[in-house]
Every structure is written in structure tokens, then in C-alpha cells.
There are 2 protein chains.
Amino acid sequence: MSYSVKREQLLRVAEDLFYQYGFRGVGLKQIIQEANVATMTLYNHFNSKDNLVEEVLRQRESRYWTYLDSYVESDADSPFILAVEAHGKWLKKESYQGDMFLRAIEDYSGEDNEIEAIARGHKAKLLQYFKKLAQAKGKDHDHDLAHQLTLLLEGTTSMTTLIGAEQATEHSIAMARILVRQAS
Amino acid sequence: MSYSVKREQLLRVAEDLFYQYGFRGVGLKQIIQEANVATMTLYNHFNSKDNLVEEVLRQRESRYWTYLDSYVESDADSPFILAVEAHGKWLKKESYQGDMFLRAIEDYSGEDNEIEAIARGHKAKLLQYFKKLAQAKGKDHDHDLAHQLTLLLEGTTSMTTLIGAEQATEHSIAMARILVRQAS
DNA sequence: TAGAATAGAATGACCGTTCTATCTAATATA
DNA sequence: TATATTAGATAGAACGGTCATTCTATTCTA
């Protein structure tokens, strides 16, 4: 049986706790208890804590893209604004302090591990996403626009920690509109 | 003797290690060894690891503002651009992966502790800094402009992790110019 | 000679991981 | 239908290591 309820519970609880307290700030004991699962059940589904972190990141990334894709219609007038809006709604739903992927890059940097690779991969994909969108829309300086919008999303996530997702998103949408117009 | 060489060494080494590996990712043993100091010397100067973290943050904040102030002349044509440039140079000098203050907020969130208060205080001050600047320059929507520029700085720091400080700063300066012009 | 700084051991808590032994429930066999 | 087999899940102890913190006893230095 490939699907497992316990595995899902573990991933859900682990993602919540890792996001709130950090990867190093949460012990497996806590995860096991809150997921109502035995120690060996965790190790039956995941090789190690690192492997659990990996799977959590993969799951979160998958959910992020599903969410973005459901909002952005790439044939719309300005898919860029839709993407910024979608990111804002994601923040409101699932983020209140920083970004799990940047945190993973920081926490596991320099050890040549899978975790950092997954996190960096996600960020690279985000940049690539905007690059393709800008090219498809025939924007001048499409390369620059993509970088600018990515920077905007990252800034919005950071600002969420300080002023909340709603306010942060209002500002980023306003800025995105100006930038997209500028790029003619 | 208020000044102490050992204390300075500890703060410098701790800041480097905390920034690179995270507060929870660095043990006191490592700090002690790299600072060439005995265990009790650390506890002679700092009450606890948390207290060491606090002092590291205070020192870093102080250095940040010194750096910014040395670049920004508030009577210049556009002190905003100077501030963004200064932040970029700070990143190039002292940051290559994320922001130590945001990381502190994340790592020590929800425990009602001094560390989070210091980190949040720094961020509040940054926002306040731009608000005053925008007011002094008689900008329309000065409140919005301050938020936008703060978001820009936060975004630049995050992007530094992904594309390096130079590139990230080029983009944020370009964006800042547009925003400041818009705010007439 | 007094005050710091030293090295290093001791402490108790927690960490990730493994092990053992028991239990349950579904599946395959007769 | 009744029985045997198998796979998962369970609780909890045990392991070796590291953590922050404290203690002790010695050495340096002003």
C-alpha cells in the first residue's frame, strides 16, 4: 500500500512544527507525539530526520505550485499581477513568518545535502516561471522584469512577518503594476 | 575594565557562526574554540547563550545603522536611493544568505523573549526611518512609499541568497528610482 | 598578591536513531 | 469458513552523542 494515513499525518504535523519553530528547533519526539504515531512508524516511512525535512519541502513546493497555477491564467492581460496576488493569498493561508525554503537553505547550507538542493531548486523554478511569462508576453527587458517580480515576492514574504500578509500584498501588487507598465 | 578583548572576540566569532549556521546550529563549544577562549570566560561576559545572541544582535544592528548613516545624506536629492545603495553595499560586505534579524524572529518566536524584541525593534526602526525620510521630503503617500522601500530592502536581502548581492542590488535600485519618481 | 583567565571534567537534559517485544488487522491458504 | 501468515503499528527502553551550564583547580598577569 503506497498511500498511508500515518505518513500523511506525519508530513502535515512536521510541516507545521518546522515552519513555526524551525527545523532544528523541533525534535522528532514532538512530531511523533502530535502526530499520534510510534517512533518506528516514523522511521518506517522516512529514513531520517533529514529525509523527513526533504519530503516536507517537496510536499510544500508541490502545494505552492498547485495553488499558483490555479490562480494564474497565462493568457490573461497581465498574468504577473495574478501571480503576485496568488502569492499574497498563499501567504495569508500558509505563512506568517518568513519562507520555509529560504530557511532550509540557511539551516542546511554548505553541507552538500539534498535539502538545500530542493530549496534552491524551488527558488530557481520561481525565477524561471517569471522569465517564461515575461518572454511569452513579449516584454522589453523580460529578464530584468522577471528578477524584479521575484524580488518583489521575496520581499512580500519577509514583510509578512512584520506587517501581515494583507498589507504586504497590497504594496507588492501596487509595485508590480508599476513595474509591468514600465516594461511596456 | 569595561572594555575586553576576549569579549570582542567572542562577539565577532559568534556573529559569524550564528549568521552562517544559525543560532540553533552553533554550539557554545565551537564558539569558544574559534574565539580561543575558555568556557568560563564566555560565562563571565555573558549570562547565557540567549544573552550572547542578544548582544550579537545589538552589535550587528549598531553596525548596520552606522553603515547606513555614513552613506545617506538626508539633504541629498534622493536619500532613498542612497539608502538602497547603502543597503546593497552592506549586503555585499556582511550578508550572503538571508537576514540575521528575521532569522532571530523566526527561531525565537512565541517565547516572549528579549531576542525577538530586539529583532522586531530593528525592523520597526527601519520602517520608521523611511517614513521620516519620506515625510521630510514631502512625498505624496509618504506612508506607502516607506513601506514599499522597506519591502524592497527585504526583498534584496532574500534575493542575495539566490543571485548575489550585486545583481540583487542593481534591481532594487532600478525599482527604487521608479517608485520615488512615482511618489512625485 | 588579588583578580582573571585557563583547561577540563561533571551534570542533567535532550537529541536522533535503533532495538525489542507485543498487538492488530488484513490477506492467503486449506 | 476456519486457520496461518504477513505486514504495520504500538509503547517504551536503550544507545551514544551533544547540548548549555556549572564546578574545580591551576596558571597567568597587573
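Chain letters run A, B, ... following the sequence lines, proteins first, then strands; residues in each count from 1. No hydrogens, no waters, no symmetry mates; every other heavy atom, side chains included, goes into these values.
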Whole angstrom value for the distance that separates C1' of dA11(D) from CD of Gln33(A): 12 Å
Tyr64(B) versus His87(B), side-chain donor and acceptor atoms under 3.5 Å: yes
Whole angstrom value for the distance that separates P of dC19(D) from CG of Leu52(B): 15 Å
Sugar-phosphate only, base, or nothing, as touched by Asn51(A) at under 4.0 Å among non-hydrogen atoms: nothing
Test: Arg103(A) and Asp107(B) ion pair at under 4.0 Å: yes
Gap between atoms NE2 and C1', on His45(A) and dA9(D) respectively (whole Å): 9 Å
Glu61(B) and His122(B) side chains, donor-acceptor separation under 3.5 Å: yes
Distance-only polar pair, side chains of Thr156(A) and His171(A), donor-acceptor under 3.5 Å: no
Arg58(A)/Glu114(A) salt bridge by N-O under 4.0 Å criterion: yes
Under 4.0 angstrom between Asn44(B) side-chain N/O and dA4(C) OP1 or OP2: no
Atom-pair distance (CG on Leu42(B); C1' on dA20(D)), nearest Å: 10 Å
Is there any protein nitrogen or oxygen under 3.5 Å from a nitrogen or oxygen in nucleotides 14-20 of chain C, and what are the pairs?
residue: dG16(C); atom: OP1; partner: Lys49(A); partner atom: NZ; Å: 2.6
residue: dG16(C); atom: OP2; partner: Leu28(A); partner atom: N; Å: 2.8
residue: dT17(C); atom: OP2; partner: Tyr43(A); partner atom: OH; Å: 2.6
residue: dT17(C); atom: OP2; partner: Lys49(A); partner atom: N; Å: 2.8
residue: dT17(C); atom: O5'; partner: Tyr43(A); partner atom: OH; Å: 3.0

Atom-pair distance (CD on Gln30(A); P on dA13(C)), nearest Å: 19 Å
Interatomic distance where CZ belongs to Phe46(B) and P belongs to dA5(C) [whole Å]: 12 Å
Ion pair Glu8(B)/Arg12(B), N-O distance below 4.0 Å: no
